[in-house]
There are 2 protein chains.
Amino acid sequence: MAGRRTDTRERIEQVALELFAERGYDKTTLQEVAERLQITRPALYYHFRTKEAILGSVVDRIGESIDELVGWARGQPATVESRREILRRISELLEDQWRPLFRFAQVNQGAMRDLPAGERLRAGVVSMLSLLAMPGAGAIKQFEARLAVFAVVLGSVPFLFDIGLDESERAAVALEVATKLISDD
Amino acid sequence: MAGRRTDTRERIEQVALELFAERGYDKTTLQEVAERLQITRPALYYHFRTKEAILGSVVDRIGESIDELVGWARGQPATVESRREILRRISELLEDQWRPLFRFAQVNQGAMRDLPAGERLRAGVVSMLSLLAMPGAGAIKQFEARLAVFAVVLGSVPFLFDIGLDESERAAVALEVATKLISDD
DNA sequence: GTCTATACTCGGATAGAC
DNA sequence: GTCTATCCGAGTATAGAC
């Protein structure tokens with residue numbers, strides 16, 4: 001790819017991420033994507049074979065991002081403190097980088113149902129949820145470990161937990177509840 | 001409505017619920033809906049003004065179902081035991097009736113984004129999540145109360161918590177974790 | 001290698017006959 | 001209450017300009 005002369009492909013991905021998150025995959029027209037990029041509709045077909053291929057490409061990026069976190073977390077020691085550190089890291093990523101990606105995934109989860117990239121993303125999410133589970137633990141503890149990750153994620157969804165807190169306060173509360181869930185009691 | 005001679009409208013809703021849940025709203029064509037009902041495509045337009053109206057009608061039914069639960073729960077006394085009873089009831093509904101509705105909502109959550117019925121459904125879900133929250137409690141307790149409801153719901157999603165348990169075992173574990181979350185500790 | 005012009009197909013929607 | 005005919009718009013394919 002070193003010889004490529006334009007960055008159109010990446011710009012398409014960028015615009016698609018925005019539009020698909022805003023209006024949803026199926027309600028977004030390739031006309032709109034092309035217009036925002038100031039190119040013509042068929043020009044998109046030079047870079048991607050189909051509309052679905054654009055979606056797949058965007059979803060792949062999100063998958064990579066999650067796999068990266070999972071890779072890092074798996075390298076951490078299996079102590080209680082490092083499990084808390086993992087939760088903090090997830091919370092941080094949600095606030096700094098993952099918010100738009102997360103929104104995209106939520107809105108388009110129907111559209112990526114039978115995509116290979118969608119399958120891979122789901123696998124990544126499952127891995128992430130399992131990150132804090134101690135292999136030998138009982139079913140209750142296993143469930144709590146997964147729920148802890150979920151709690152942190154849910155803390156970043158505004159409308160579900162509208163308890164009169166702003167963004168970062170809500171994230172802090174979610175993190176605290178999650179931490180409690182993985183501590184022995 | 002007493003004088004109506006066929007039940008086509010309800011049959012359309014029924015088939016739409018099935019197909020939209022299986023294949024997603026946008027990937028389902030009205031042709032398929034019509035075929036399964038043994039009528040022609042434009043015939044659907046006698047009963048519903050648009051494809052979206054069919055979706056709205058289905059979503060409305062789900063909203064009613066949730067509102068019904070919320071209404072019942074609000075009539076319960078504010079004791080710890082009755083809050084546990086509410087969790088049990090939700091768990092029961094998920095296993096007996098809500099599974100297909102829940103799947104539908106998950107797959108099509110993008111498609112119902114700007115529908116009035118979708119807005120109402122979201123409001124219902126928020127009400128349901130808030131059901132166990134004690135008004136005067138602090139942010140942590142408020143969050144835990146909502147997470148408890150979420151835990152029960154998540155217990156019914158197979159792939160997220162694949163910890164080698166069958167359906168009803170997983171529901172039982174989720175219910176136990178949820179109950180622990182709303183108990184004082 | 002990158003894009004435009006043009007044309008084809010199919011699905012959602014409407015008007016009006018029966 | 002349902003069907004026939006028809007329109008329109010979006011995704012897609014291809015030829016060819018630069």
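- For B/Thr40, a side-chain nitrogen or oxygen approaches OP1 or OP2 of D/dC3 to under 4.0 Å.
- Atom C1' of nucleotide C/dG11 and atom CD of B/Gln31 are separated by 9 Å, given to the nearest angstrom.
- Looking at heavy-atom distances under 4.0 Å, B/Arg49 makes contact with sugar-phosphate atoms alone, never a base.
- You'll find the side chain of B/Leu160 stays beyond 4.5 Å of the side chain of A/Arg146, heavy atoms only.
- The two residues B/Gly124 and B/Asp67 make their nearest non-hydrogen contact at CA-OD1, 4.1 Å.
- Checking the phosphate oxygens (OP1, OP2) of C/dC10, no side-chain nitrogen or oxygen of B/Thr29 falls inside 4.0 Å.
- Rounded to an integer number of Å, the gap from B/Glu52 CD to C/dA13 P is 8 Å.
- Nucleotide C/dT14 holds its P atom 16 Å from the OH atom of B/Tyr46, rounded to whole Å.
- Counting non-hydrogen atoms of other residues, nucleotides and ligands closer than 6.0 Å to CD of A/Glu81 gives a total above 12.
- Following rounding to the nearest Å, A/Tyr45 (OH) and D/dA10 (C1') show an atom-to-atom distance of 9 Å.
- A/Thr29 and A/Arg41 are not linked by any side-chain donor-acceptor pair at a separation below 3.5 angstrom, with hydrogens and angles left out of the test.
- For the pair B/His47 and D/dT2, the criterion of a side-chain N or O lying under 4.0 Å from OP1 or OP2 is met.
- Spacing between atom CZ of A/Arg41 and atom C1' of C/dT2 amounts to 18 Å, rounded to whole angstrom units.
- Put simply, CD1 on A/Ile54 is 13 Å from C1' on D/dA10, counting in whole angstrom units.
- Set against C/dT2, C/dA13, C/dT6, the side chain of B/Thr50 has C/dA13 as its closest nucleotide.
- Atoms CD1 (A/Ile12) and P (C/dT2) sit 11 Å apart, rounded to a whole Å.
- Note on A/Thr8: a side-chain N or O is less than 4.0 Å away from OP1 or OP2 of C/dC3.
- In summary, A/Arg88 and A/Glu85 engage in a salt bridge, as defined by a charged side-chain N under 4.0 Å from a carboxylate O.
- Of the candidates C/dA13, D/dG11, D/dC3, D/dC3 carries the atom nearest the B/Ala43 side chain, counting heavy atoms from C-beta on.
- Atom-to-atom, CD1 of B/Ile39 to P of C/dC18 comes out at 21 Å; the value is rounded to the nearest Å.
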